[in-house]
J.: 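Dropping a structure here in structure tokens format, bear with me for questions.
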Amino acid sequence: MWREIPADDRIEIAIGGHKVVAYSFGKSDEVVFCLNGGPGLPCDYLRDSHSCLVDQGYRVVAFDQLGTGASDRPTDPALWTISRYVEETETVRKALGLGRVHLLGHSWGGWLAIDYALAYPEALKTLVLEDTAADLPHLAAELGRLRSALGPETVAMMIAHEADGTLDHPEYQAAITLLNYRHVCRLKKWPAPLDRSLNDWNMGPYGTMQGPNEFLYVGNLKDWDRTGDLHRITVPVLITTGLHDEITPACAAQMKRGMPQAELHVFPNSSHMPFYEEPHIYYPLLRDFLERHRLA
């Protein structure tokens, strides 16, 4: 089960004239390199939930992506592109001398991990894609399906507020809150690392790349689709999702069909955070996958 572990090292890395802060746990040559979701979230929620892998002899590395956490927070929207974040990820890997890694991407970090895997395949031992997708137009359709479960009157209300730009209206926010508790984290009390990340969310990168909330994709990633390239990812891949995930099992199944060495697991009582919602199943599954490919 997850537990917070103090980082062995907190490293500042200069990238494009800005400071990016990375966190390293453990000293092993077997590295789990974590790319957290967002965009715009500090890495706390993913870093703290996966640092426990040091107990199995792994080095765990995470970093606050530019614009988040302890890293610099410039305001130029031209910086908020997936291609720039791919190069940032590679710069961090090289700066820390990580060698070939087990790359773990959650949510937006999974989109980033897919593009990174396509750009730098030689840097990977394995790829873990958690609660993510490879086709955002398909995801948008799935989100529409999840929204429809609120009922036609609520959906009509949401569409009207989106058209009017009144997304801060209490009735619209109430619908988003309900969707978040159904499809982002189903725990009654959300874990402290998740709250820390959410309470420090930089909406600049998020709004530019994704949109105003988890259920409306209107940013520069809205047409992002890598399904035609997935066959080029030939390392072993673990895909995980929650049965109630906002990035639905249908998205996960689409990814599995596209990659030659992919395996898929659906957590029956989870939404978007299985490592918090079903840790008793999540961690043995992840450890088993990593151990099978540990010395690749």
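Model, not experiment: these values are computed from the prediction.
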J.: First locate atom CD1 of Ile247, then atom OG1 of Thr241, and finally report the distance between them rounded to the nearest 0.5 Å.
T.: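 Rounded to the nearest 0.5 Å, the CD1-OG1 separation comes out at 8.0 Å.
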
J.: Would you please name every residue forming a salt bridge (charged side-chain N to carboxylate O under 4.0 Å, His left out) with Glu277, sequence neighbours left out?
T.: none

J.: Is Arg147 positioned over the aromatic face of Phe215, cation under 6.0 angstrom from the ring centre and no more than 45 degrees off axis?
T.: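 Arg147 over Phe215 ring: no.
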
J.: Before accepting this row, confirm whether a basic side-chain N of the pair Arg182/Glu246 lies closer than 4.0 Å to the acidic partner's carboxylate O.
T.: no

J.: Can a donor-acceptor pair be found between the side chains of Arg73 and Thr68 at a distance below 3.5 Å?
T.: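 Arg73 vs Thr68: no donor-acceptor pair found between side chains.
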
J.: Just jot down the salt bridge (charged side-chain N to carboxylate O under 4.0 Å, His left out) partners of Arg186, sequence neighbours excluded, or say none.
T.: none

J.: Between Glu90 and Tyr85, do the side chains contain an N or O donor and an N or O acceptor separated by less than 3.5 Å?
T.: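 No, no side-chain donor-acceptor contact under 3.5 Å.
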
J.: Which side-chain N or O atoms in residues 74-82 pair as donor and acceptor under 3.5 Å with protein atoms at least two apart or in another chain?
T.:
{"from": "Asp76", "atom 1": "OD1", "to": "Ala78", "atom 2": "N", "distance (Å)": "3.0"}
{"from": "Thr81", "atom 1": "OG1", "to": "Ser83", "atom 2": "OG", "distance (Å)": "3.4"}
{"from": "Thr81", "atom 1": "OG1", "to": "Arg84", "atom 2": "N", "distance (Å)": "3.2"}

J.: Determine whether the side chains of Glu171 and His161 contain a donor N or O and an acceptor N or O closer than 3.5 Å.
T.: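 A donor-acceptor contact under 3.5 Å links the two side chains.
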
J.: Is any side-chain N of the basic residue among Arg226 and Asp115 closer than 4.0 Å to the acidic one's carboxylate O?
T.: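 The answer is yes: the pair qualifies as a salt bridge.
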
J.: May I ask you to establish whether Arg294 and Phe289 are in a cation-pi arrangement, using a distance under 6.0 Å from NZ or CZ to the six-membered ring centre and at most 45° from the ring axis?
T.: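 No; the conditions do not both hold, so Arg294 does not lie above the ring face of Phe289.
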
J.: Is it true that Ser271 and His183 share a donor-acceptor pair across their side chains at a distance under 3.5 Å?
T.: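 No - no donor-acceptor pair under 3.5 Å links their side chains.
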
